[in-house]
4 protein chains.
Amino acid sequence: MKRNKPKYKQIIDAAVVVIAENGYHQAQVSKIAKQAGVADGTIYLYFQNKEDILISVFREKMGLFVEKIEEVIAGKDAAAEKLLVMIENHFKRLSADQHLAIVTQLELRQTNKELRLKINEVLKEYFLLVDKILRHGQERGEFPADLDIRLARQMIFGTMDETVTTWVMNEQKYNLEALAPAVHNLLLNGCGLKS
Amino acid sequence: MKRNKPKYKQIIDAAVVVIAENGYHQAQVSKIAKQAGVADGTIYLYFQNKEDILISVFREKMGLFVEKIEEVIAGKDAAAEKLLVMIENHFKRLSADQHLAIVTQLELRQTNKELRLKINEVLKEYFLLVDKILRHGQERGEFPADLDIRLARQMIFGTMDETVTTWVMNEQKYNLEALAPAVHNLLLNGCGLKS
Amino acid sequence: MKRNKPKYKQIIDAAVVVIAENGYHQAQVSKIAKQAGVADGTIYLYFQNKEDILISVFREKMGLFVEKIEEVIAGKDAAAEKLLVMIENHFKRLSADQHLAIVTQLELRQTNKELRLKINEVLKEYFLLVDKILRHGQERGEFPADLDIRLARQMIFGTMDETVTTWVMNEQKYNLEALAPAVHNLLLNGCGLKS
Amino acid sequence: MKRNKPKYKQIIDAAVVVIAENGYHQAQVSKIAKQAGVADGTIYLYFQNKEDILISVFREKMGLFVEKIEEVIAGKDAAAEKLLVMIENHFKRLSADQHLAIVTQLELRQTNKELRLKINEVLKEYFLLVDKILRHGQERGEFPADLDIRLARQMIFGTMDETVTTWVMNEQKYNLEALAPAVHNLLLNGCGLKS
DNA sequence: TATGAATGAGTATTCATTCAT
DNA sequence: CATGAATGAATACTCATTCAT
């Protein structure tokens with residue numbers, strides 16, 4: 001299995017660094033190879049083509065992401081609490097790896113529709129996780145029974161995504177993690193006054 | 001003034017069609033020229049370069065967008081109602097021009113950071129519009145006085161954007177406009193139970 | 001006759017200025033038209049094409065050149081003296097019109113072989129003038145009877161040309177005219193010691 | 001070192017042939033690649049850009065030129081003799097490589113001022129060589145002590161250049177090499193009668 | 001005569017991928 | 001397994017010239 005060989009991970013990590021530092025359109029395969037300390041041709045022993053590298057970057061990094069989040073939400077009973085630790089974790093992990101934040105929020109979006117669909121495939125697991133939290137909330141009576149799960153999930157992802165992207169575009173000048181409670185509150189209660 | 005000449009609009013419209021049908025990276029200047037029914041060189045009598053076409057597409061189309069929305073929200077007093085007609089209009093206009101929807105949600109995001117920053121400039125007006133609605137809501141006592149305007153705006157945009165993008169990625173199979181009330185409700189009240 | 005109309009000369013003069021200031025490859029027809037104060041299309045009422053402008057520049061300017069030199073050498077009897085005033089005049093006229101000097105020495109040489117052959121046609125009259133001086137010198141016993149007229153003419157032209165070009169390339173920093181006697185002496189006596 | 005690899009020289013030689021046969025402005029990189037028997041992209045493994053090819057052509061070919069001439073003049077004591085073998089060699093080498101003659105006398109002069117300045121850099125060595133001969137002649141008492149070295153060099157180069165160019169423009173119909181003694185004599189003694 | 005908007009042919013360069021060693 | 005030299009397809013932009021007004 002190629003994915004367990006050391007060079008596989010070397011190349012993935014090199015890709016994240018190169019894309020973050022040079023931007024997607026300036027991240028040539030030869031640059032990634034150089035950063036990884038291998039020959040250009042070697043890349044093709046581990047990946048089918050350049051697109052495969054990018055998807056693999058996303059899969060490997062986001063995989064850890066979702067795994068970790070699954071862990072922390074398992075420790076909470078209430079859906080609202082699960083949601084909070086999810087947002088906190090999401091923000092914390094991207095804050096901790098600024099290269100990864102740039103790559104996922106800005107650079108990997110400059111790809112064509114086809115590649116974006118494949119990236120969305122990877123995100124499905126994350127979507128399912130949120131859906132599970134939402135259904136759990138309905139079962140517990142925390143969330144309305146008629147809540148549109150899909151729309152709610154789109155709100156949650158859209159809001160987290162917009163918040164992180166704005167933070168990255170502002171050169172990560174402020175503390176993203178500190179926004180988690182406020183974002184959580186907005187998602188639960190909206191911007192309208194509760195009666 | 002070049003912007004009022006008929007060929008200027010011809011080329012803008014041709015660009016939207018060509019980008020929507022071929023994707024951003026396959027939207028060669030010669031294809032746009034052919035679609036517009038002019039010679040390649042004529043493009044450069046109206047635009048400085050290819051990037052200028054793309055920004056102009058966004059500016060012209062989004063300009064109308066914001067203008068129209070300003071109009072309809074002026075007809076409503078309550079901030080909540082303003083928000084509703086804004087979302088309705090946003091969804092309606094993108095539903096009505098499927099090419100434009102593809103271009104703004106998918107294709108124009110494949111551009112480099114520089115171009116994206118210029119595109120964001122255009123969006124600022126839209127941001128300001130939402131901020132105004134939110135402050136209006138606070139003044140009227142509809143929204144909490146301690147609402148974080150910037151975060152709330154990010155939630156509103158992030159949610160609308162994610163909703164429209166999902167719809168475009170699903171090949172516009174369902175009725176986007178019909179989702180407006182549900183989205184509006186989610187944004188106002190969140191996914192948590194009231195009371 | 002188009003050559004006598006005022007716009008004909010306007011365009012010729014504009015071409016000299018534009019070429020001198022922008023270089024041959026940046027001397028677009030539209031720039032020349034603008035400098036001449038006419039529309040682009042008007043150029044083609046007076047000249048067949050761009051090449052025709054360039055040849056005409058050379059013909060008009062060099063024609064005056066040769067005419068003037070013919071005048072001044074007529075006033076001298078000795079071939080050596082005729083040669084001296086020719087060199088003096090050649091240097092003086094190019095010193096007086098720095099734009100023309102740049103155009104003839106640097107810019108017009110960046111043309112293709114075909115155009116250069118046509119330009120050489122124009123120079124033939126100048127060549128004939130020198131040949132006449134040389135033969136006159138032989139008849140008077142000033143120059144050796146076995147002097148190879150063609151080679152001698154090539155030396156005279158080559159030397160004057162190299163001298164002027166070097167001066168132009170050095171940004172006309174020194175007094176070209178003052179070099180005439182020394183050049184004249186070199187051409188007459190060579191660099192070898194007289195016995 | 002790329003300059004010693006066989007493809008480097010292949011491309012240089014191909015460039016000379018292509019430029020001579022098609023003219024400077026019709027010497028596309030793809031034509032040069034085809035003539036050299038390599039892919040277009042391969043050119044850019046050995047040269048930075050098209051201009052770099054042209055300068056390299058000049059440097060490689062003229063370098064040999066000057067080297068060879070330095071060799072032959074070292075075998076002569078008298079400055080006059082050195083001058084003679086220099087002219088002979090200059091004419092002989094350009095006669096032997098007609099393609100090179102066309103390229104250096106006609107085609108490479110069609111370049112812009114910037115490129116020409118770089119080419120002139122290469123010629124400086126040749127200039128220094130002539131200057132050395134002239135000073136040597138002064139020291140030996142062959143040439144006048146008050147000889148203007150710079151003007152004399154301009155005469156020598158201008159005359160050789162004009163002679164070769166005329167020969168090339170006349171399609172190399174006559175024997176250039178045979179003119180060397182006559183040119184040498186003219187340069188040493190001028191066209192005026194001695195004593 | 002004069003205009004100037006419109007035309008459209010033509011080309012250097014990059015970079016993902018291959019394959020002989 | 002690993003290398004890296006070689007490949008070759010693909011594209012924005014300029015500007016001399018025309019012709020309807």
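Throughout, protein chains are lettered first and strands after them, A, B, ... in sequence-line order, and every chain is numbered starting at 1. This is a predicted model, so every value here is computed, not measured.
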Qualifying salt bridge (Lys or Arg N to Asp or Glu O under 4.0 Å) pairs, either residue in residues 21-31 of chain D, two or more places apart: none
Least distance between heavy atoms, D/Q35 atom then D/A14 atom: CG-CB, 3.5 Å
Salt bridge (charged side-chain N to carboxylate O under 4.0 Å, His left out) partners for A/K34, two or more places apart: none
Nucleotide E/dC15, atom P - distance to OH of A/Y44 in whole Å: 13 Å
Value in whole Å for how far the P atom of E/dT17 lies from CD of A/Q48: 10 Å
Whole angstrom value for the distance that separates C1' of E/dA12 from CD of D/E51: 13 Å
Whole-Å gap separating P (E/dT11) and CD1 (D/I43): 15 Å
Partner residues of A/D40 under the salt bridge (charged side-chain N to carboxylate O under 4.0 Å, His left out) criterion, sequence neighbours left out: none
Partner set under side chain to side chain contact (heavy atoms under 4.5 Å, CB included) for D/F65, not counting sequence neighbours: D/M62, D/I69, D/H90, D/R93, D/L94, D/Y126
Whole-Å distance separating the CZ atom of D/F47 from the P atom of E/dT14: 15 Å
Pairs flagged by side chain to side chain donor-acceptor pair (under 3.5 Å) wherever residues 99-111 of chain A is involved - sequence neighbours left out: A/H25-A/Q110, A/Q105-A/D161, A/Q105-A/T165, A/E107-A/Q110, A/R109-A/D161
Stems formed with participation of DNA chain E [Watson-Crick or G-U wobble, under 3.5 Å, three or more pairs]: E:2-21 with F:2-21
Pairing residues for D/R116 by the salt bridge (charged side-chain N to carboxylate O under 4.0 Å, His left out) criterion, not counting sequence neighbours: none
Euclidean distance for P, E/dT1 against F/dT21 (whole angstrom): 22 Å
Sequence neighbours excluded, every pair satisfying salt bridge (Lys or Arg N to Asp or Glu O under 4.0 Å) that has a member inside residues 44-58 of chain C: C/E51-C/K118
Nearest heavy atoms of C/I32 and C/I11, plus distance in Å: CG2-O, 4.0 Å
Pairing residues for B/Y44 by the side chain to side chain contact (heavy atoms under 4.5 Å, CB included) criterion, not counting sequence neighbours: B/V29
Rounded interatomic separation in angstrom, taking CG from B/N49 and C1' from F/dA12: 9 Å
Salt bridge (charged side-chain N to carboxylate O under 4.0 Å, His left out) partners for D/K9, two or more places apart: D/E60
Whole-Å distance separating the CG atom of B/D52 from the P atom of F/dC13: 10 Å
Stretch residues 10-36 of chain D: residues that reach within less than 4.0 Å of DNA chain F through a heavy atom: none
Dump the pairs, protein N or O against N or O of nucleotides 4-8 of chain E, anything under 3.5 Å, distances to one decimal.
from, atom 1, to, atom 2, distance (Å)
E/dG4, N7, C/G41, N, 3.2
E/dA6, OP1, B/K7, NZ, 3.2
E/dA6, OP2, B/Y46, OH, 2.7
E/dT7, OP2, B/A39, N, 3.0
E/dT7, OP2, B/T42, OG1, 2.2
E/dG8, N7, B/G41, N, 3.2

